[in-house]
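Heads up, the thing below is written out as C-alpha cells.
Remember, it's 1-based here, ligands and their atoms both numbered in the order they're listed.
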Amino acid sequence: MSNQAIGVLVMSYGTPESMDGIEEYYTHIRRGNAPTPELLAELSGRYEAVVGGVFPLRENTNRQVAGLQAELDRMHPGRYVCYQGLKHARPYIEDGVAGMAEDGIRRAIGIVLAPHYSTMSVGSYVKRAKERADELGIEMTFVESYHLHPKLIEALVDRVKAALEPFNADEPVKVLFSAHSLPVKIREMNDPYEQQLMETSAAVAEGAGVKDWQFTWQSAGRTREPWLGPDILETLKEVSSEGYKQVLAAPVGFVSDHLEVLYDLDIEAQAAARSMDMKLARIQMLNTDPLYMATLADSVLARDAWNS
Ligand SMILES: CC1=C(CCC(=O)O)c2cc3nc(cc4[nH]c(cc5[nH]c(cc1n2)c(C)c5CCC(=O)O)c(CCC(=O)O)c4C)C(CCC(=O)O)=C3C
Ligand SMILES: [Fe+2]
C-alpha cells in the first residue's frame with residue numbers, strides 16, 4: 001500500500017511517563033548503563049520538586065505536534081501527516097518511523113523540537129531516524145536547524161520584552177541567554193551549536209533593544225568529562241559581584257516547559273539569585289506559540305523537495 005501523503009517525523013527529547021519510569025529513561029540516556037542509586041535518587045528528586053506526578057514535557061510535545069499538524073493542514077490540507085518520535089522515551093524515534101511505514105508513507109521530512117544543530121543533539125536524532133527509514137524504504141530529508149527563522153526570533157523578542165516590563169526601569173537588568181551545555185569535545189568537531197546559539201541570542205537582543213546581555217550555559221551533564229561553561233550558577237555570581245540586582249533568564253536553547261527550565265532555572269538558579277539578593281525572572285517558554293508553530297511549518301515546507 002502506498003500513501004501519497006508526506007510523513008513529518010516530529011522529534012523531541014522525551015520524558016518519563018511516571019516516577020516509576022525514571023530508571024528506564026535514565027538508563028536509556030546512559031546508553032543502556034543503569035544509573036547508580038545516588039544518581040537515580042538525585043534525578044528523581046529533581047522531578048519530584050517540579051512535577052508532582054505530571055511530566056510537563058510529554059503534554060507539551062503532544063500539543064506541539066498537534067499544533068504543527070494544524071498549521072500544516074491550514075497551509076496544505078491533506079498533504080502532511082505528523083508522527084512523533086522521542087529520543088529517550090516511547091514512542092521512540094524508530095517507533096515513529098515504523099508507524100509511517102505501517103501507514104504506507106514513502107516520503108518523509110524530519111524536524112526536531114530544538115532550534116540549534118549539534119552533532120550530539122539534532123545530529124543523533126537524524127542518524128537514528130535515517131537508519132530506520134533506510135531499512136523500511138522511506139525516503140527521508142531533515143530540517144537541521146531554524147535558529148534564525150524570523151518568526152522564531154519575533155516570538156522570542158516578544159517574550160523578552162514582556163519579561164523585562166516588571167523590572168525597575170531605573171536600575172540595570174542583565175539578560176542571560178542560555179542553552180543546554182554539551183561536552184567541550186564538540187569544539188574539536190567543528191560543531192555549529194555554539195555559533196548558532198550566539199546568533200540567536202544576538203538577534204533576539206537586537207530585536208528587543210537589549211544592550212546589556214551575555215550568553216551562559218546551563219544543565220551540564222553529570223559525567224567526568226568537561227562540559228562547556230560558564231554555568232549559569234557561576235555567571236549569576238559574577239553578575240552579582242559586578243553589582244547587578246536584576247537578571248532576566250532567556251533559555252533560548254529550549255522550546256518547552258520541562259525539567260531543565262522548571263528545576264535548573266526556576267528552583268536552582270532562583271535560589272542562588274535569592275541568596276545573592278538579586279531579582280531573577282525568566283521568559284515564558286514557546287510551547288505552542290503560533291509563531292513557533294509557523295516556524296516549524298515553514299521549515300518543513302522549505303524541506304519538501306517533492307512539492308512541485
Ligand atoms: C543538547 C541537549 C538538549 C537540548 C536539545 C534537545 O532538546 O534535544 C537536551 C534537552 C533535554 N535534556 C533533558 C533531560 C536530561 N538530559 C540528560 C543528559 C544529557 N543531555 C544532553 C544534551 C541535551 N539535552 C547530553 C549530552 C546529556 C548527557 C548524556 C548523553 O550523552 O546523552 C539527563 C541525564 C541526567 C543529567 O545529566 O542531568 C536528563 C534527565 C530534557 C528532558 C527534561 C524533562 O524530562 O522534562 C531535555 C528537553
Ligand atoms: Fe539533556
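Both tests do not hold together for K130 against F142: distance to the six-membered ring centre under 6.0 Å, angle to the ring axis within 45°.
Annotation: side chain of Y25 is in contact with side chain of Y47 (closest heavy-atom distance under 4.5 Å). Residues L86 and T15 are not in side-chain contact: their nearest non-hydrogen atoms beyond the backbone lie 4.5 Å or more apart.
Listed by chain and residue number, the protein N/O/S atoms under 2.8 Å of the Fe ion (ligand 2) are H180 NE2, with waters left out.
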Report all N/O contacts between ligand 1 and the protein shorter than 3.5 Å as a table of atom names and distances to 0.1 Å; if there are none, say 'none'.
| from | atom 1 | to | atom 2 | distance (Å) |
| --- | --- | --- | --- | --- |
| ligand 1 | 8 (O) | Y125 | OH | 2.5 |
| ligand 1 | 16 (N) | Y13 | OH | 2.8 |
| ligand 1 | 20 (N) | Y13 | OH | 3.2 |
| ligand 1 | 20 (N) | H180 | NE2 | 3.3 |
| ligand 1 | 24 (N) | H180 | NE2 | 3.1 |
| ligand 1 | 31 (O) | R31 | NH2 | 3.3 |
| ligand 1 | 37 (O) | R222 | N | 3.4 |
| ligand 1 | 38 (O) | R46 | NH2 | 2.8 |
| ligand 1 | 38 (O) | R222 | NH1 | 3.1 |
| ligand 1 | 45 (O) | T15 | OG1 | 2.6 |
| ligand 1 | 45 (O) | Y47 | OH | 2.5 |
| ligand 1 | 46 (O) | L259 | N | 2.9 |

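For E24, the salt bridge (Lys or Arg N to Asp or Glu O under 4.0 Å) partners two or more places apart in sequence, or in a different chain, are R90. Residues passing the salt bridge (Lys or Arg N to Asp or Glu O under 4.0 Å) test with K87, sequence neighbours excluded: none.
When E154, R159, K151, Q64 are each tested for a side-chain contact (heavy atoms from CB on, under 4.5 Å) with D289, only one passes: R159.
Between E131 and R128 no salt bridge is recorded (no basic side-chain N to carboxylate O distance below 4.0 Å). Ion pair R132/E135 flagged as a salt bridge, since at least one NZ, NE, NH1 or NH2 atom sits closer than 4.0 Å to an Asp/Glu carboxylate oxygen.
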H116/T200 under side-chain hydrogen bond (donor to acceptor under 3.5 Å, both in side chains): CA gap, chis, key distance, verdict
CA-CA 9 Å; H116 307 87; T200 301; 2.9 Å; yes
